[in-house]
Amino acid sequence: MEKREDKLKEVISHAKEYGYVFPSSEIYDGLAATYDYGQLGAELKKNIKDYWWTAMVQMHEEIVGIDAAIFMHPKTWKASGHVDAFNDPLIDNKDSKKRYRADVLVEEFIEKYRDKIKKEVEKGRKRFGADFDEVQFLATNPNVKRSQEKIDDLEDRLSKILGADNLEGLKAMIEELNIVCPISGTSNWTDVRQFNLMFATELGSVAGDASTIYLRPETAQGIFVNFLNVQKSGRMKIPFGIAQIGKAFRNEIVARQFIFRMREFEQMEMQYFVRPGEELTWYGYWKDKRIKWHKALGLGEEYYRYHDHIKLAHYANAAADIEFDFPMGFKELEGIHSRTDFDLRKHEEFSGKKMQFFDPELNKNYIPYVIETSVGLDRMFLAVLSASLKNETLEDGSERSVLSLPPALAPYKVAVMPLTRKDGLPEKAREIMNELKFEFNCQYDEKDSPGKRYRRQDAIGTPYCVMVDHQTLEDNTVTIRDRDTMLQDRVKVDELHSIIEGKVSLKNLLKLG
RNA sequence: GCGGGCGUAGCUCAGGGGUAGAGCAUAACCUUGCCAAGGUUAGGGUCGUGAGUUCGAAUCUCAUCGCCCGCUCCA
C-alpha cells in the first residue's frame with residue numbers, strides 16, 4: 001500500500017500530464033488554489049454533470065432544473081444570514097498559533113470586571129447578612145462603581161470600533177488592555193483581519209453609492225428565490241424539487257488539497273420541497289437515494305460512508321454528509337440537510353412575498369420544508385479520478401498505469417487504430433471512426449506499436465480500443481480490446497455500436513440508482 | 001495565518017560557485033506489427049520570480065510567488 005500523500009501527488013501529476021487539471025495561470029506562477037480543467041478534465045466534468053442532471057431531472061417527473069445567476073440581490077444574503085454569520089474579525093497569537101475572534105477576546109476581558117463585581121456582591125452579602133440591599137450596594141460600593149465604569153467605557157469603545165470596522169483600533173485595544181493568549185500567556189499578536197466569506201464587488205460603473213453585491217457563496221439561494229416562479233409556471237405540486245448546477249465562491253482563509261477546497265467551485269444542488277412534518281421521512285429517502293447514486297459508479301462501496309452531524313446548523317433539524325475516501329482520507333463529498341422552512345421563511349420576511357404553497361389535500365397554505373442535497377462537483381471529480389488511478393503489476397512483471405474510470409464518465413469512449421500505417425488500414429479505421437463519432441467521443445491513433453497505444457489509452461481511461469487489421473479488409477471484423485481485462489474480442493464492425501453502447505451508456509448507472 | 005518540506009524539460013528526478021543533465025514523454029524517418037521501453041535524428045529549460053554577495057550564481061543570502069504536509073478554519 002503506497003503512502004497516502006504520495007497518492008495525492010501522483011493524482012496531481014497524472015492529471016496535469018494527461019490534460020485533466022492544470023494549475024491556473026501557470027505561466028504567471030499560478031494563482032493560489034485555483035485550477036483549470038484541461039481537454040480531458042472538461043469532458044470528465046461534463047460527464048459527471050450529465051450523470052447527475054439526468055438522474056435528478058430526467059428520472060424524476062417532480063424535479064426540474066434551473067440555472068440562476070451568480071449575482072443576486074444583496075438582500076438575499078441578508079435573508080440567508082450570510083452577511084452576518086461570516087463577518088468576523090480574527091487575530092492569531094504567534095506563540096501558541098491559536099486563532100481567536102478579536103472582539104470575543106475583548107468581551108472576555110470585559111467579563112473579568114463583571115466577575116469582580118459579582119465577587120464584591122458576594123463579599124457584601126456575607127458582611128451585611130440579611131440586611132443586604134443588592135441594588136443599593138451596586139450603586140454605592142466604590143469598587144463596584146470603578147469596575148462598572150470600566151465596563152461601560154470598554155463596551156462603548158468596542159462597539160464604536162466594531163461599528164466602524166476599525167481593525168487597527170481593535171488590535172490597539174487588545175494591546176492596550178494587555179490581553180494575553182490563554183494558552184501561551186503572551187501578547188504576541190498578529191494584526192486583526194476581517195474574515196469575510198463572500199467575495200464582494202460593485203454593481204454598475206460608479207463606485208461609492210453603488211450597492212455592494214456578492215458572488216454567491218452557495219447555489220441554494222438561487223433556487224429559493226425562484227421557488228414561486230418555478231412552482232407556478234411549472235404547475236408543481238408538493239413534494240417537488242428544483243435542481244441546479246453552478247459555480248459558487250467562498251473566500252476561504254485556507255484553500256488547499258488540490259481541487260478539494262477551492263475558492264471558486266461548482267455545486268450540484270437539489271432542493272426538495274415537502275410538507276411540514278414529513279421532512280424527516282424525505283430526509284431519510286434522499287440520504288439513501290444519494291449514496292446509491294454514488295455507489296452505482298462502481299468505484300467500490302468501501303469508499304463511501306455517512307457522517308451524521310451531531311452539532312446542527314441553525315437552519316437544520318437533521319444533516320448528514322456522504323464522505324468519500326480521498327487520498328487524504330475520508331472527507332465530505334455531498335451534504336444532505338433537512339433545512340426546515342428556514343430559507344423560505346426568511347425570504348418571506350425580507351421580501352414581503354408569500355413563499356407558500358396551497359395544498360389542496362390539506363386545504364391550507366404553508367411554507368414548505370426543504371431537504372437539500374448538495375454535491376461538490378470538483379470534489380466528485382477528484383473522487384472519481386483518485387479512485388480510478390491505479391498502477392497495476394501485470395503477470396509478466398511489467399507495470400501499467402490505468403485510469404479505470406466508470407465507462408460512462410470516460411472522456412473518450414473508444415480509440416480506433418489501424419494495426420499498421422499501410423495497406424489501406426488507416427483509411428478503413430477512419431471510416432469506422434467516422435461512423436462511431438456520431439454517438440461516441442472517439443480518438444484516432446496510429447503512432448507506435450499497438451501495445452504502446454493501448455497503454456496510452458489506459459492512462460487516459462478510454463474503455464475500449466478498436467484495432468483494424470488485415471482481416472478487417474477481408475471480412476469486416478475488428479478486435480475490440482477492454483481497458484480493464486485487457487482482453488480482445490473479434491467482432492463484426494456492425495456490432496461495435498451496440499457493444500460500446502452497452503458498456504458506456506448512462507442507462508447502466510441510472511438503473512442501479 | 002503559523003510551522004515543516006519542496007520548486008531544475010510535458011512527467012519523475014540527478015547535479016551543487018566556472019555558460020545546463022538523465023530516463024520516460026513529444027515530433028520526424030527507418031524497422032516491427034496485438035499489450036510500453038528496436039534504430040537514427042530533432043525540438044524543448046534565462047534551473048519559479050526578483051534582488052544581493054561574487055570577476056562569475058541554477059548552486060550562497062534575502063525577499064516574494066506557488067505546491068505538498070501538519071495546525072487553524074471550514075453555517
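Just so you know, these numbers come straight off a predicted model, no measurement behind them. Naming convention: chains lettered A, B, ... in sequence-line order (proteins, then strands); numbering from 1 in each chain. Computed over heavy atoms, backbone and side chain alike; hydrogens, waters and symmetry mates excluded.
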Peer 1: Tell me: NZ of Lys171(A) to P of G1(B), nearest whole Å?
Peer 2: 14 Å

Peer 1: Please give, in whole Å, the distance from G66(B) P to Ile259(A) CD1?
Peer 2: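 Between P of G66(B) and CD1 of Ile259(A): 19 Å.
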
Peer 1: Under the 3.5 angstrom rule, does the side chain of Ser13(A) hit a backbone N or O of Lys9(A) as a donor-acceptor pair?
Peer 2: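 Yes.
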
Peer 1: Can you tell me the distance, in whole Å, between the CG atom of Asp484(A) and the P atom of C35(B)?
Peer 2: 18 Å

Peer 1: Both Lys16(A) and Leu394(A) contact RNA chain B. Taking the nearest nucleotide for each, which residue is further toward the 5' end?
Peer 2: Lys16(A)

Peer 1: Suppose we screen for salt bridge (charged side-chain N to carboxylate O under 4.0 Å, His left out). Which residues come up paired with Asp308(A), at least two apart in sequence or across chains?
Peer 2: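 Lys287(A).
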
Peer 1: In sequence, state the C-alpha distance, the side-chain angles, and the governing distance for Tyr20(A) and Gln39(A), and then conclude on side chain to side chain contact (heavy atoms under 4.5 Å, CB included).
Peer 2: CA-CA 6 Å; Tyr20(A) 275 93; Gln39(A) 65 277 19; over 6 Å; no

Peer 1: Counting distance only, does the side-chain N/O of Asp378(A) pair as donor-acceptor with the main-chain N or O of Glu266(A) below 3.5 Å?
Peer 2: yes

Peer 1: As a check on the pairing definition, encode RNA chain B in dot-bracket form, counting Watson-Crick and G-U wobble pairs whose two distances are under 3.5 Å, and using | for partners outside this strand.
Peer 2: (((((((..((((....[..)))).(((((.......))))).....(((((..]....))))))))))))....

Peer 1: To the nearest Å, how far apart are Met486(A) CE and C35(B) C1'?
Peer 2: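 Computing the Met486(A):CE to C35(B):C1' distance gives 5 Å.
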
Peer 1: For nucleotides G56(B) and A20(B), find the distance between their C1' atoms and express it as a whole number of Å.
Peer 2: 16 Å

Peer 1: Find the distance Asp29(A):CG to C65(B):C1' and express it as a whole number of Å.
Peer 2: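 The distance from CG of Asp29(A) to C1' of C65(B) comes to 6 Å, rounded to the nearest Å.
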
Peer 1: What about Phe260(A) and Phe326(A), are their ring centers closer than 6.0 Å?
Peer 2: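 Here the rings of Phe326(A) and Phe260(A) have centres that are less than 6.0 Å from each other.
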
Peer 1: Could you tell me if Arg430(A) sits above the aromatic ring of Tyr444(A), with its cationic atom closer than 6.0 Å to the ring centre and no more than 45 degrees from the axis?
Peer 2: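 The answer is yes; both the distance and angle limits are met.
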
Peer 1: Between Phe330(A) and Phe324(A), does the ring centre distance come in under 6.0 Å?
Peer 2: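 They do not qualify: ring centres at least 6.0 Å apart.
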
Peer 1: Would you measure the distance from the C1' atom in A58(B) across to the matching atom in G16(B) and give it in whole Å?
Peer 2: 8 Å

Peer 1: With rounding to whole Å, what would you report as the distance between U46(B) and C74(B) at their C1' atoms?
Peer 2: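 My reading of the C1' atoms in U46(B) and C74(B) gives 42 Å.
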
Peer 1: Quantified in whole Å, what is the P atom distance between nucleotide G43(B) and nucleotide G15(B)?
Peer 2: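 It works out to 27 Å between them.
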
Peer 1: How does each nucleotide of nucleotides 27-34 of chain B score, in 5' to 3' order, for protein heavy atoms under 4.0 Å: base (B), sugar-phosphate only (S), or none (-)?
Peer 2: SS----BB

Peer 1: When rounded to the nearest Å, what value does the distance between C1' atoms of U8(B) and A14(B) take?
Peer 2: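 So the two C1' atoms sit 9 Å from each other.
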
Peer 1: Indicate yes or no for a side-chain donor-acceptor contact from Tyr369(A) to the backbone of Arg339(A) under 3.5 Å, with no hydrogens or angles considered.
Peer 2: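 No, the answer is negative, given that no donor and acceptor are paired below the 3.5 Å cut-off.
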
Peer 1: Just the rounded figure in Å: distance from P of G7(B) to CD1 of Ile27(A).
Peer 2: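 That distance rounds to 23 Å.
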
Peer 1: So what does Tyr18(A) touch, heavy atoms closer than 4.0 Å: a base, only the sugar-phosphate, or nothing?
Peer 2: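 If one applies the 4.0 Å heavy-atom cut-off, Tyr18(A) turns out to touch nothing in the nucleic acid.
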
Peer 1: Roughly how many Å apart are G23(B) and U19(B), using the C1' atom of each and rounding to a whole number?
Peer 2: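 Nearest-Å result for U19(B) against G23(B) at atom C1': 25 Å.
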
Peer 1: Please classify the nucleic acid contact of Glu26(A) as base, sugar-phosphate, or nothing, using heavy-atom distances under 4.0 Å.
Peer 2: nothing

Peer 1: Looking only at atom P, what distance separates G44(B) and A22(B), rounded to whole Å?
Peer 2: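 Result for the P pair: 15 Å, nearest Å.
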
Peer 1: Is there a donor-acceptor pair under 3.5 Å between the side chain of Arg490(A) and the backbone N or O of Ile480(A)?
Peer 2: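 A pair under 3.5 Å: no.
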
Peer 1: For a quick check, tell me whether the side chain of Arg400(A) and the base of C35(B) share a donor-acceptor pair closer than 3.5 Å.
Peer 2: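 Per atom types, no contact qualifies.
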
Peer 1: Output the rounded distance in Å from NZ (Lys452(A)) to C1' (G38(B)).
Peer 2: 10 Å

Peer 1: NA contact type, Tyr28(A), heavy-atom cut-off 4.0 Å: base, sugar-phosphate, or nothing?
Peer 2: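 Nothing: the residue Tyr28(A), judged by heavy atoms under 4.0 Å, touches no strand.
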
Peer 1: Can you tell me how far C1' of C74(B) sits from NZ of Lys331(A), to the nearest Å?
Peer 2: 10 Å

Peer 1: Quick one: label Glu392(A) by what it contacts on the DNA or RNA (base, sugar-phosphate, nothing), any heavy atom closer than 4.0 Å.
Peer 2: nothing

Peer 1: Regarding Ala319(A), tell me which of base, sugar-phosphate or nothing describes its non-hydrogen contacts under 4.0 Å with the strands shown.
Peer 2: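 Result for Ala319(A) = nothing.
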
Peer 1: Are the aromatic rings of Phe381(A) and Tyr37(A) close, with centres under 6.0 Å apart?
Peer 2: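 Close enough - the centres of the two rings lie under 6.0 Å apart.
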
Peer 1: Using the P atom in both, what is the distance from C24(B) to U61(B), to the nearest Å?
Peer 2: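 It comes out at 35 Å once rounded to the nearest Å.
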
Peer 1: Report the residue (Arg261(A) or Gln257(A)) whose heavy-atom-nearest nucleotide on RNA chain B is the more 5′ of the two.
Peer 2: Gln257(A)

Peer 1: Show the nearest heavy-atom pair for residues Glu279(A) and Val274(A), with the distance to one decimal.
Peer 2: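 In this case the closest contact between Glu279(A) and Val274(A) is CA-CG2, 3.8 Å.
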
